[in-house]
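Here's the structure we're looking at; comments come further down.
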Amino acid sequence: MRLAKLLERLSYEVLQGSDQTEVTTLVNDSRKVEQGSVFVCICGAVADGHRFAADVAEKGAAALVVQREVEVPDNVTVIRVDDTRYALALMSAAYFGYPAEKMKIVGITGTKGKTTTTYMIRDILQSVGHNVGLIGTVEAIVGDKHYPAANTTPESYDIHRYFAEMAEAGCDTVVMEVSSQGLMLNRTAGIPFEIGIFTNLGRDHIGPNEHKDFEDYKHCKSLLFQQCRIGIGNVDDEYFDDIFRNATCQIQTFGFSEKADLRAEDMELVSRPGYLGVSYQVTGLMDFDVEVDIPGRFSVYNSLTAIAVCHNFGVPAAKIQTALKKTKTKGRIEMIKVSDDFTLMIDYAHNAMSLESLLTTLKEYHPKRLVCLFGCGGNRSRERRFEMGEVSGRLADLTIITSDNPRFEEPQAIIDDIKVGIGKTDGKYVEICDRKEAIKYAIANGQPGDVIVLAGKGHEDYQEIRGVKYPMDERVLIKEVLEELKEERKA
């Protein structure tokens, strides 16, 4: 493949060599360079690819794409662009033959609701014969293949690699989560989104390794709506106007508001033994009854989002109703049967906004006690810890503070920060640093009518400590705890 083919949608300058150079592979990881590779020098948070210029040239790289000066032998072509991350995205699309243009791409952005909504959309569209690929926080799905996710929105090269595999597998549609980081870092640059979706916006992902402030976070979310044909937004959200102010797409809306094109009316909480759900009436662009086996108002928003998307695909109401009843998402209000007396669930709520939404929702079902077990991730904003502690202290009848992903911080230091937040309330709490022991305490002390939430880990099956991810799946921990309690009762 000629280098010029990969660069055909970019503005660039040839610093040395020729853009007619033949290249073999496209890489941005110096460890993957082969003879004839074109290496894109990415300025990352941890390492700067420009530092490896001489190394990759020695390994046989035929060309480098840079945004700052490098020194390499004269036989290596050097191309300069304004932004190598942007260049990698467009070059990746070209490298894989522009697979996104062979399918309809649906992108979902927002602080919460993205994961559940992607699965809802996929399930509904598949029910009417569409072959749908998925890229998100939990995994990427291509047919029967499931690939664990490292990031909500992967690096651009990986996105187009997935797109190529999806197109090859006969997918006609892809539904994907689009994070603010993904938009900020140009991972989704050049993707022709058919539909872009805005779920909601809360103050999260602000810190030294994420967004510098809320305005930056909000701005990055809004970029999706300059890159899609149809934009679908939650008109009830206070930042709706900000997100769509500079949109270049056709705009459709959903929500409870009378302004919404697709509205939810007559919402009712549905509660039966071992079951929490919600029902409502869809009006506006479509008109039918919905019941979702996931509790709360936010489940209405998630399902409304999916309905709004599938309306654009011409899906009949009956198919939507049936598919929504069956939709389940790992780690998103995932009910785990442990007792006939109380309810236990796993949820990914890992910031103050999502935790407040979850606990507020569950309180509406009037549990005997609401018990919230959670920790906070290390090397992230300390404000999140104070905020989550305050939320749980205010809304839960009992908080069990434990460890999440401490990363390179001391777990006890994180717990102490959470306690500062709880200290602003009258909330009762216990602290048990070991997460399995904390879960054991929650189950062993469960009372009739309790609702117990294990928050923060959700779909994750690991715990990250000092740069190492150790296996830890809460579903496995629950099974182990139940066995231990059974043995203890026998003894």
Lys/Arg N to Asp/Glu carboxylate O, Arg369 vs Asp450, below 4.0 Å: yes

Flag, side chain of Arg187 to backbone of Thr153, donor-acceptor distance under 3.5 Å: yes

Residue pair Asn246 / Leu223, side-chain heavy-atom distance below 4.5 Å: no

Short side-chain to backbone donor-acceptor contact, Asn379 and Phe408, under 3.5 Å: yes

Set of residues satisfying ring-ring contact (aromatic ring centres under 6.0 Å, His included) with respect to Tyr147, sequence neighbours excluded: Tyr162

4.5 Å side-chain heavy-atom contact, Tyr301 and Asp236: yes

Atom of Arg122, atom of Gly143 and distance for their closest heavy-atom approach: NH2-O, 4.1 Å

Derivation of the side-chain hydrogen bond (donor to acceptor under 3.5 Å, both in side chains) call for Lys112 and Ser354: CA-CA 7 Å; Lys112 57 189 177 71; Ser354 56; over 6 Å; no

Enclosure of Lys428 NZ (heavy-atom neighbours >12, cutoff 6.0 Å): no

Verdict with reasoning, Thr425 to Glu390, per side-chain contact (heavy atoms from CB on, under 4.5 Å): CA-CA 6 Å; Thr425 74; Glu390 189 170 351; 4.0 Å; yes

Heavy-atom donor-acceptor pair, Thr84 side chain to Cys41 backbone, under 3.5 Å: yes

Expected output: side-chain Glu334 to main-chain Gly331 donor-acceptor under 3.5 Å: yes

Residues in salt bridge (charged side-chain N to carboxylate O under 4.0 Å, His left out) contact with Glu364, at least two apart in sequence or another chain: none

CZ (Arg466) with more than 12 external heavy atoms under 6.0 Å: yes

Note, Leu304 side chain near Leu262 side chain (heavy atom, < 4.5 Å): yes

Lys/Arg N to Asp/Glu carboxylate O, Glu488 vs Lys440, below 4.0 Å: yes

Atom NE2 of His50: over 12 foreign heavy atoms under 6.0 Å: yes

Ala455 to Leu355 - nearest heavy-atom pair and separation: CB-CD1, 4.0 Å

Test applied, side-chain contact (heavy atoms from CB on, under 4.5 Å); reference residue, Ser299; option that passes from Val290, Leu324, Thr116, Val278: Val278

Heavy-atom donor-acceptor pair, Thr361 side chain to Ser357 backbone, under 3.5 Å: yes

Donor-acceptor contact present, side-chain Thr402 to main-chain Cys433, <3.5 Å: yes

Residues that Phe240 engages under ring-ring contact (aromatic ring centres under 6.0 Å, His included), provided they are two or more places apart: Phe244

Contact check, side chains of Ile418 and Cys376, non-hydrogen atoms, under 4.5 Å: yes

Residues forming a side chain to side chain donor-acceptor pair (under 3.5 Å) with Thr399, sequence neighbours excluded: Ser392

Inter- and intrachain pairs under side chain to side chain donor-acceptor pair (under 3.5 Å), touching residues 412-423, at least two apart: Arg382-Asp417, Arg385-Asp417, Gln412-Asp416, Gln412-Glu431, Lys419-Glu431

Side chain proximity check, Met345 to Leu362, heavy atoms < 4.5 angstrom: yes

Evaluation steps, ring pair (Phe, Tyr, Trp, His ring centres under 6.0 Å), between Phe256 and Tyr280: CA-CA 11 Å; Phe256 286 85; Tyr280 64 97; 7.5 Å; no

Asn186: side-chain contact (heavy atoms from CB on, under 4.5 Å) partners, not counting sequence neighbours: Asp83, Arg85, Tyr86, Ala189

Heavy atoms of other groups near Lys479 NZ, more than 12 under 6.0 Å: no

Results of salt bridge (charged side-chain N to carboxylate O under 4.0 Å, His left out) for Lys457 - residues two or more places apart only: Glu460

Counterpart residues, side chain to side chain donor-acceptor pair (under 3.5 Å), relative to Asp341 (two or more places apart): none

Side chains of Thr173 and Lys104, donor plus acceptor under 3.5 Å: no

Test side-chain contact (heavy atoms from CB on, under 4.5 Å) applied to Glu480 and Val476, step by step: CA-CA 6 Å; Glu480 292 174 354; Val476 175; 3.6 Å; yes

CG/Asp82: more than 12 non-hydrogen atoms of other groups inside 6.0 Å: no

Main-chain N/O of Gly277 paired to Tyr365 side chain as donor or acceptor, under 3.5 Å: yes

Distance in Å, Asp266 CG paired with Glu268 CD, rounded so as to fall on 0.5 Å steps: 7.5 Å

Short N-O contact, Lys436 and Glu474, less than 4.0 angstrom: no

Partners passing side chain to side chain donor-acceptor pair (under 3.5 Å) against Asp242 (at least two apart in sequence or in another chain): Lys218, Arg245

Pairs satisfying salt bridge (charged side-chain N to carboxylate O under 4.0 Å, His left out), at least one member in residues 394-405, at least two apart: Glu356-Arg394

Heavy-atom donor-acceptor pair, Ser30 side chain to Asp55 backbone, under 3.5 Å: no

Selection residues 431-471 - residue pairs positive for ring-ring contact (aromatic ring centres under 6.0 Å, His included), sequence neighbours left out: Tyr348-His459

Any donor-acceptor pair under 3.5 Å from Asp237 side chain to Leu201 backbone: yes

Ion pair check, Glu165 and Lys145, cut-off under 4.0 Å: yes

Check: Lys325 side chain, Val292 main-chain N or O, donor-acceptor pair, under 3.5 Å: no

Sequence-distant partners of Cys171, side-chain contact (heavy atoms from CB on, under 4.5 Å), two or more places apart: Met103, Asn131, Met166

Full working for side-chain hydrogen bond (donor to acceptor under 3.5 Å, both in side chains) between Thr253 and Asp261: CA-CA 5 Å; Thr253 60; Asp261 298 319; 3.2 Å; yes

